[in-house]
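We count ligands from 1, going down the list as the structure has it; atoms in each ligand are counted the same way. These figures come from a predicted structure and were not determined experimentally.
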Amino acid sequence: MAIDFLSLTAPGVAGLHPYQAGKPVEELEREYGVSNAIKLASNENPLGPGKLTLAAMRSVEQEVSRYPDGNGFQLKHLLADQLKVKTENITLGNGSSEILELVARTFVTPENQVIFSEHAFAVYPILTQAIGAEAVITPAKNWGHDLDAMRDAVTDQTRLIFVSNPNNPTGTWLTSDQLHSFLASIPDHVLVLVDEAYFEYVEEGEYPSSTKWIGEFPNLIVTRTFSKIHGLAGLRIGYGISHPEVAELLNRVRQPFNSNSIALAAAGAALLDSEHVKKSVETNSTGLKQLMTAFENMGLKYIPSVGNFICVEFDCDALEIYEALLHKGMIVRPIGVYGMPNHLRVTVGSEQENTLFIQSLGEVCHEC
Ligand SMILES: Cc1ncc(COP(=O)(O)O)c(C=O)c1O
C-alpha cells in the first residue's frame, strides 16, 4: 500500500511551495536550444570573486579531507575587526539564508506570529510556514516596508519581524531615522531581523549600517552575506550579528560544520579585498544607470533601486515578456510569487550583459 507521506509531515510543511530559484544557464540552453545564454536572475555579481579570493580558495584545497574549523575563528576575527563588534556577536552560516532559518528555528514556535512586508524576500514566508507559525503580512507602502503598519501589527504572540533593507525584489530602502525609531518602538519579546544582504551596494547617505545598534537593541539581529558583493554565491557563506546570548542560542541549534573550509578561506580574503568591493559597487552603479536610462527610453516604468537588481513594469502579464526573453537566451526573474505579476526583476550585469539584455528587451517589446 502506498504511504501517504504528506500526512506524516510536520505542521505547515504540506502547505509549502518550494523556493523558485532563477533558471540555471545550462537548463535554458538545453531546453531552448540557445547558446551563450545570459543570466540576470539571481542577483549575482557579474565580476565574480576577486583574484585574491580565488587564490585563497586554492591555497586550502588540499585541506578538504579535514573538517573545517567549526567555530570559524579566523573569519570571525576579521569580521569583528571590520564591523567593530566582538567575535561573540557573530554567527556564521551556510549563506545568510541559514542564519534566517536558525533564528526562526531557535525562537519561533507554532503558537507565534512572524511579521514581514508584502513584496518582501520569499524566504520569510517559507520559514514561517515550515515552522507552522502565523505569517502576518503588512501591506507595502510605495513598494517598500510600511514600518508603522509593521509596528501596529505587533501582538503578544509576535516573536520575530523580518525587515529587508534594502528589500529584494523591490530595491526599496529604509533610512537610519526610520529604522532607529522603529527598533526603539518594538517590545523586548520580539526579535527584529534586519536583512542586509545588499548592504555594500547602497550608496545613499541616509542608509544605515544596523550593526551599530547591536549594543542599543539586544533584540536586533543583522544578517549579511558573501553571496552578493563578494561574488561567492556558490560557496554559501553569510553571517549574523546579534547580542552574544542570541548568538550563543543560535550556536546550540546550528550544525557543527555549517560553513565549509573553502568558503571560510574565500570569505576572509574577500573581506580584505576592498579594491574588488569598490569595483563591484562602481560596476553596479553604472549598470543601474544604464538600465534605468534604457527603461526610460522605452517608456517603461521601474522601481528605483539601491540594490544590484531592478524591477521593471509592463502593461501585460510579465510572464509573456519573460518567456520571449528566454527564447533570446536571456534569463531574468518573473516575480508573480511576490504579488508583482506585471514586473520582472533584472539583476544588474556587466556593461556588455546589460547592453545585450536591453537590445533583447527592445526586440521583445516591439514584437508584443
Ligand atoms: C534579501 C535577501 N536576503 C538573503 C538572501 C540570501 O542570500 P544567501 O543565502 O546567499 O546569503 C538573499 C538572496 O538572494 C536576499 O535577496
Exercise for the section: Consider only side-chain N and O atoms of Glu216 and His180, and report whether a donor and an acceptor are under 3.5 Å apart. Expected result: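 Result is yes, a qualifying pair exists.
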Practice task
Consider only side-chain N and O atoms of Gln157 and Asn112, and report whether a donor and an acceptor are under 3.5 Å apart.
Solution key: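 No, Asn112 and Gln157 have no side-chain donor paired with an acceptor closer than 3.5 Å.
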Practice task
Indicate yes or no: does Glu200 engage Lys228 in a salt bridge with an N to O separation below 4.0 Å.
Solution key: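 No.
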Exercise for the section: Might you work through the ring-ring contact (aromatic ring centres under 6.0 Å, His included) test for Phe116 and Phe121, ending with a clear yes or no? Expected result: CA-CA 9 Å; Phe116 49 87; Phe121 184 42; over 10 Å; no
Handout entry: Pairwise ring pair (Phe, Tyr, Trp, His ring centres under 6.0 Å) hits with a residue in residues 228-255, at least two apart
Key =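 Qualifying pairs, neighbours excluded: Phe226-His230, Phe226-Tyr239.
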Practice task
With a 4.0 angstrom cut-off on heavy atoms, strictly below it, pick out the residues next to ligand 1 and order them by chain and number.
Solution key: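 Shell around ligand 1 (4.0 Å, heavy atoms): Gly95, Ser96, Ser97, Phe121, Ser164, Asn168, Asp195, Ala197, Tyr198, Thr225, Ser227, Lys228, Arg236.
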Problem - Ala269 to Ala56 - nearest heavy-atom pair and separation - result: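 Scanning both residues, the minimum pair turns out to be CB-CB, 3.5 Å.
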